[in-house]
Amino acid sequence: MKIEPVPAQKTTIQVIERMVALLDALAKYPDPVSLKELSKVSGLHPSTAHRILNDMVLTRFVDRIEPGTYRLGMRLLELGNVVKSRLSVREAALDFMRSLHKKTQQTINLSVRQGDEIVYIDRAFSERSGMQVVRAIGGRGPLHLTSTGKLFLSVDEPKAIRAYATRTGLAGHNKNSITDLAKLERELSLVRARGYARDNEELELGVRCMAAGIRDDSGKLIAGLSISAPADRLQDEWLDDLVATANQISATLGYIPLE
């Protein structure tokens with residue numbers, strides 16, 4: 001039962017390729033597997049497989065049940081749950097995003113935070129929106145230059161915001177970008193007071209956005225819902241619909257706002 005090579009470009013780091021081959025081999029067995037069998041299925045020399053498995057045991061990607069037998073580890077479950085939570089946001093948001101797009105005829109984005117950036121994980125748009133999509137699904141943007149990114153920064157402690165500014169240097173993309181810490185702090189105060197955030201051509205000239213937060217059942221901010229439109233077409237009257245839609249998605253995820 002040798003694993004067929006995946007018809008894709010190989011990784012540039014050989015040890016990663018070998019590690020994935022072992023994980024794929026382990027995934028084929030419901031019970032613990034011997035080193036001999038894993039070596040055979042993965043096509044790796046036993047000494048190579050043993051060395052990589054030892055490292056994966058230390059990082060909890062693999063469990064050693066007894067000397068010479070292995071199974072997939074709990075670290076994979078933990079990471080899988082992170083992915084699942086993000087997928088759940090997408091599933092909960094999709095119909096609401098489509099409805100908001102139908103009402104506004106503008107691009108609707110769903111984004112999550114990853115470190116010092118936001119990642120676009122879903123989008124509802126049409127060619128009739130009149131705006132080229134500049135950030136595809138999987139694309140990223142700096143926290144301080146995006147409406148959703150400002151939402152996430154607004155819930156950080158002041159010390160964390162200053163640390164972010166130090167790490168990133170608050171690099172700008174154009175003349176409208178916020179590159180000064182004091183100005184960013186004032187902007188985040190407005191976000192907290194209003195309950196939504198704006199991007200006034202700070203990431204892309206000619207494109208403005210506004211975003212509202214999505215929370216899970218614990219009240220944690222886990223995603224942002226935003227409307228992107230040509231700068232001269234974004235309408236403030238969409239704000240109520242945007243916030244209401246974000247609240248509906250949050251409610252679907254079990255969030256109950258405090259009275």
Side-chain angles (χ1 to χ4, degrees), residues 1-91 110-122 135-143 148-149 152-153 155-157 159-169 171 216-218 220-223 253:
M1 192 173 68
K2 189 177 180 67
I3 295 176
E4 294 297 324
V6 178
Q9 185 176 359
K10 290 187 175 182
T11 63
T12 57
I13 303 176
Q14 190 179 54
V15 69
I16 293 179
E17 184 181 337
R18 292 173 172 178
M19 181 182 76
V20 170
L22 286 168
L23 290 173
D24 285 342
L26 284 163
K28 290 182 175 291
Y29 295 88
D31 299 316
V33 194
S34 69
L35 173 62
K36 180 179 179 181
E37 182 69 11
L38 288 172
S39 174
K40 176 183 175 183
V41 173
S42 66
L44 298 175
H45 190 277
S47 63
T48 300
H50 184 257
R51 184 174 66 253
I52 296 173
L53 285 165
N54 279 344
D55 286 343
M56 289 199 288
V57 167
L58 291 174
T59 53
R60 297 171 49 241
F61 284 103
V62 171
D63 291 337
R64 184 186 288 112
I65 306 308
E66 57 185 43
T69 61
Y70 304 85
R71 70 179 179 190
L72 295 177
M74 293 299 294
R75 181 79 179 275
L76 292 168
L77 178 62
E78 293 166 1
L79 293 175
N81 283 334
V82 172
V83 174
K84 181 182 177 182
S85 68
R86 291 175 181 172
L87 291 175
S88 296
V89 173
R90 292 176 66 182
E91 292 166 1
L110 182 67
S111 312
V112 297
R113 179 176 185 169
Q114 192 170 85
D116 290 340
E117 299 175 307
I118 62 162
V119 181
Y120 297 88
I121 63 171
D122 215 337
R135 287 291 186 275
I137 294 173
R140 296 167 178 268
L143 296 179
T148 292
F152 280 104
L153 281 176
V155 299
D156 279 352
E157 296 292 332
K159 183 178 179 180
I161 296 170
R162 291 193 294 270
Y164 167 83
T166 300
R167 285 194 306 274
T168 64
D216 64 12
D217 58 349
S218 70
K220 180 181 178 182
L221 180 67
I222 59 169
L253 295 170

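Atoms considered below: every heavy atom in the structure, side chains included; atoms not considered: hydrogens, waters and symmetry mates. If you're wondering where the values come from, they're calculated on a predicted model, not measured in any experiment.
- In this structure, the side chains of Gln114 and Arg140 come closer than 4.5 Å at one or more pairs of heavy atoms.
- Taking each heavy atom of Thr69 and Pro32 in turn, the nearest pair found is CB-CB, 4.2 Å.
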Could you go step by step and tell me if Leu77 and Leu72 meet the side-chain contact (heavy atoms from CB on, under 4.5 Å) rule? CA-CA 9 Å; Leu77 178 62; Leu72 295 177; over 6 Å; no
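- For the residue pair Leu38 and Ala25, the shortest heavy atom distance occurs at CD2-CB, 3.8 Å.
- Judged purely by atom type and a 3.5 angstrom limit, Arg90 uses its side chain to pair as donor or acceptor with the backbone of Ile121.
- Residues passing the ring-ring contact (aromatic ring centres under 6.0 Å, His included) test with Tyr164 are His144, sequence neighbours excluded.
- To the nearest 0.5 Å, atoms CD1 (Ile161) and OG1 (Thr166) are separated by 12.0 Å.
- Atoms OH and CG, on Tyr70 and Asp63 in that order, are 11.5 Å from each other to the nearest 0.5 Å.
- Residues Ala223 and Val89 come closest through the heavy atom pair CB-CG1, 3.9 Å.
- For the pair Ser39 (side chain) and Leu44 (backbone), a donor-acceptor distance under 3.5 Å is present.
- The nearest pair of heavy atoms linking Arg113 to Asp156 is NH1-OD2, 3.1 Å.
- Between Val41 and Tyr29 the shortest side-chain heavy-atom distance falls below 4.5 Å.
- To the nearest 0.5 Å, the span separating CZ on Arg71 from CG on Leu26 amounts to 11.0 Å.
- For Glu157, the CD atom sits in a loose shell: 12 or fewer heavy atoms of surrounding residues, nucleotides or ligands are nearer than 6.0 Å.
- With a 4.5 Å cut-off on side-chain heavy atoms, Leu79 and Phe61 count as touching.
- By the 4.5 Å heavy-atom criterion applied to side chains, Tyr120 and Thr148 are not counted as neighbours.
- Looking at Phe152 and Glu117, their side chains never come closer than 4.5 Å, going by heavy atoms from C-beta outward.
- The OG atom of Ser88 sits 5.5 Å away from atom CD of Glu91, with the distance rounded to the nearest 0.5 Å.
- Considering every non-hydrogen atom in both Ser42 and Leu22, the closest pair reads OG-CD2, 3.8 Å.
- With contacts defined as side-chain heavy-atom distances shorter than 4.5 Å, the pair Ile222/Leu253 qualifies.
- Side-chain contact between Asp122 and Ile137: present, with at least one pair of heavy atoms (C-beta onward) separated by less than 4.5 Å.
- Ile118 is listed as a side-chain neighbour of Leu143, based on a closest heavy-atom distance under 4.5 Å.
- The two residues Ser218 and Asp216 have their closest heavy-atom pair at OG-OD1, 2.7 Å.
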Let me see the working for Asp55 and Met19 under side-chain contact (heavy atoms from CB on, under 4.5 Å), right down to the final yes or no. CA-CA 10 Å; Asp55 286 343; Met19 181 182 76; over 6 Å; no
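- Atom CG in Leu58 sits 7.5 Å away from atom CZ in Arg64 (nearest 0.5 Å).
- For the pair Arg18 (side chain) and Val20 (backbone), a donor-acceptor distance under 3.5 Å is absent.
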